[in-house]
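See below for the structure under consideration.
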Amino acid sequence: MNKTNLKKISKISLIAFLLGCCCIYFANKSISNTAKKRLYSSVDHIPKNKVGLLLGTSKYVATGQLNLYYQYRIQAAATLYHASKIEYILVSGDNSTKSYNEPKKIKEDLIKKGVPENKIVLDYAGFRTLDSVVRAQKVFGENQFTVISQKFHNERALFLADHFNSNAIAFNAKGVSSRYGFKVQIREYFARVKVFIDLLFNVKPKFLGDKITIG
């Protein structure tokens, strides 16, 4: 390959890299700014809603240790419930196989935290944040709810809720250290770009189904 072709490839690669960086920056800023005024970290200050949408994640990490993201989300949801800031907890998670059931595990741990079983509603088709947010509205009939997850995840969920005309706020579960959550933080940048791609191509939840009334 001659020097001229190498220069062309280098220029194209550089342009592609810069465009990619711009897309990541734009997506990150847009999502963070949209959600800014609807994020709460204080139980005392957050408004009351009928339903808290608890976004699922796996209970254990690949090493077999307890997932801190999971632990802190459970604690946040229980705290909101016991403070009477939500009446019901809609647990939305992945149950794509018989051996993997996020909502069931979350329900068991919420009960251990003192949340009554009849106040927990399970959404087994919350495969992605988009699915969870849209299904809360389209399947469970809730246009106003409180999202419960870590701040970065809440920001993305609120952006989606805003796009789909849901009146949502969010409660920030305790975050984790940068060292512990480094991979998750890197993935989040790309997940935010994917939000715009999904909305551009009008991506729908994998499943909708019959409507379910909460309470």
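By the side chain to side chain donor-acceptor pair (under 3.5 Å) test, E108 pairs with no residue at all, sequence neighbours left out. Under the salt bridge (Lys or Arg N to Asp or Glu O under 4.0 Å) criterion, K151 pairs with no residue, sequence neighbours left out. Listed by chain and residue number, D109 satisfy the salt bridge (Lys or Arg N to Asp or Glu O under 4.0 Å) test with K59 (two or more places apart in sequence, or in another chain). Scored by the side chain to side chain donor-acceptor pair (under 3.5 Å) test, R128 finds D131, D198 as partners (sequence neighbours excluded). Scanning for side chain to side chain donor-acceptor pair (under 3.5 Å) contacts around S30 gives an empty result, with sequence neighbours left out. Partners of F159 under the ring pair (Phe, Tyr, Trp, His ring centres under 6.0 Å) rule, at least two apart in sequence or in another chain, are F196.
Between T146 atom OG1 and N49 atom CG the span is 3.5 Å, to the nearest 0.5 Å. The structure places NE2 of H45 at 10.0 Å from OH of Y40, a figure rounded to the nearest 0.5 Å. Residue I106 holds its CD1 atom at 9.5 Å from OG of S58, rounded to the nearest 0.5 Å. The NZ atom of K107 sits 10.5 Å away from the CG atom of N101 when rounded to the nearest 0.5 Å. For the atom pair D123 CG and F140 CZ, the distance stands at 4.0 Å (nearest 0.5 Å). Here the CG atom belonging to L199 is positioned 6.0 Å from the CG atom belonging to L160, to the nearest 0.5 angstrom.
For the residue pair N118 and Y88, the shortest heavy atom distance occurs at O-CE2, 3.8 Å. The two residues I46 and A170 have their closest heavy-atom pair at CD1-O, 4.1 Å. Nearest heavy atoms, A83 versus V43: CB-CG1, 3.4 Å. Between V193 and C23, the shortest heavy-atom contact is CG2-O, 4.0 Å. Here the closest non-hydrogen pair linking A157 and V133 is O-CG2, 3.9 Å.
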Where do L158 and L39 land on the side-chain contact (heavy atoms from CB on, under 4.5 Å) test, with the steps shown first? CA-CA 9 Å; L158 288 179; L39 292 167; 3.8 Å; yes

Yes or no on side-chain contact (heavy atoms from CB on, under 4.5 Å) for I89 and L110, after CA distance, side-chain angles and deciding distance? CA-CA 9 Å; I89 300 175; L110 284 172; 4.0 Å; yes

Run the numbers on I120 and L122 for side-chain contact (heavy atoms from CB on, under 4.5 Å), then give the verdict. CA-CA 7 Å; I120 304 170; L122 303 185; 3.9 Å; yes

The test is side-chain contact (heavy atoms from CB on, under 4.5 Å); show your working for H153 and Y69 and say whether it passes. CA-CA 11 Å; H153 197 189; Y69 289 106; over 6 Å; no

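V184 and I24 fall into different hydrophobic clusters, defined by Ile, Leu, Val, Met, Phe, Trp and Tyr side-chain heavy atoms under 4.5 Å apart, directly or through other members. Under a hydrophobic-cluster definition in which Ile, Leu, Val, Met, Phe, Trp and Tyr are linked whenever side-chain heavy atoms come within less than 4.5 Å, directly or via other members, V121 and L53 are assigned to the same cluster. Hydrophobic clustering (side-chain heavy atoms under 4.5 Å, transitive across Ile, Leu, Val, Met, Phe, Trp, Tyr) keeps Y70 apart from Y72. There is no path of hydrophobic side-chain contacts, each under 4.5 Å, that joins I148 to L90. In the hydrophobic clustering of ILVMFWY residues, with side-chain heavy atoms under 4.5 Å counting as a link, F201 and F190 come out together.
Side-chain atoms of S32 and R192 include a donor-acceptor pair closer than 3.5 Å.
Tested against Y124 for a side chain to side chain contact (heavy atoms under 4.5 Å, CB included), the candidates P103, S92, S96 yield a single pass: P103. If you run side chain to side chain contact (heavy atoms under 4.5 Å, CB included) between E188 and each of E155, R156, Q150, K183, only R156 comes through.
Within 6.0 Å of NZ on K113 lie no more than 12 heavy atoms contributed by other residues, nucleotides or ligands. Enclosure of atom OH in Y180 by more than 12 non-hydrogen atoms of other residues, nucleotides or ligands within 6.0 angstrom is indicated. Environment of OH in Y189: sparse, with no more than 12 heavy atoms of neighbouring residues, nucleotides or ligands closer than 6.0 Å. Taking a 6.0 Å sphere around OH of Y100, one finds it holds more than 12 heavy atoms contributed by other residues, nucleotides or ligands.
Residue pairs that meet the salt bridge (charged side-chain N to carboxylate O under 4.0 Å, His left out) test with at least one member in residues 90-102, sequence neighbours left out, do not exist here. Counting only residues at least two apart or in different chains, side-chain hydrogen bond (donor to acceptor under 3.5 Å, both in side chains) contacts with residues 157-176 comprise S41-N172, Q137-S166, Q144-N167, N154-N172. Note on residues 73-91: no pairs pass salt bridge (charged side-chain N to carboxylate O under 4.0 Å, His left out), not counting sequence neighbours. Residues in residues 14-28 take part in no salt bridge (charged side-chain N to carboxylate O under 4.0 Å, His left out) pair, two or more places apart or across chains. Screening residues 30-41 for salt bridge (charged side-chain N to carboxylate O under 4.0 Å, His left out), with sequence neighbours left out, gives no hits.
Hydrophobic cluster membership for F207: F127 (Ile, Leu, Val, Met, Phe, Trp, Tyr linked by side-chain heavy atoms under 4.5 Å, directly or transitively).
In this structure, the side chain of H82 does not engage the main chain of A77 through any donor-acceptor pair within 3.5 Å. Formation of a donor-acceptor pair under 3.5 Å by the Y81 side chain with backbone atoms of G114 is not found in this model. Remark: side-chain polar atoms of R135 are paired, donor with acceptor, to backbone N or O of L208 under 3.5 angstrom.
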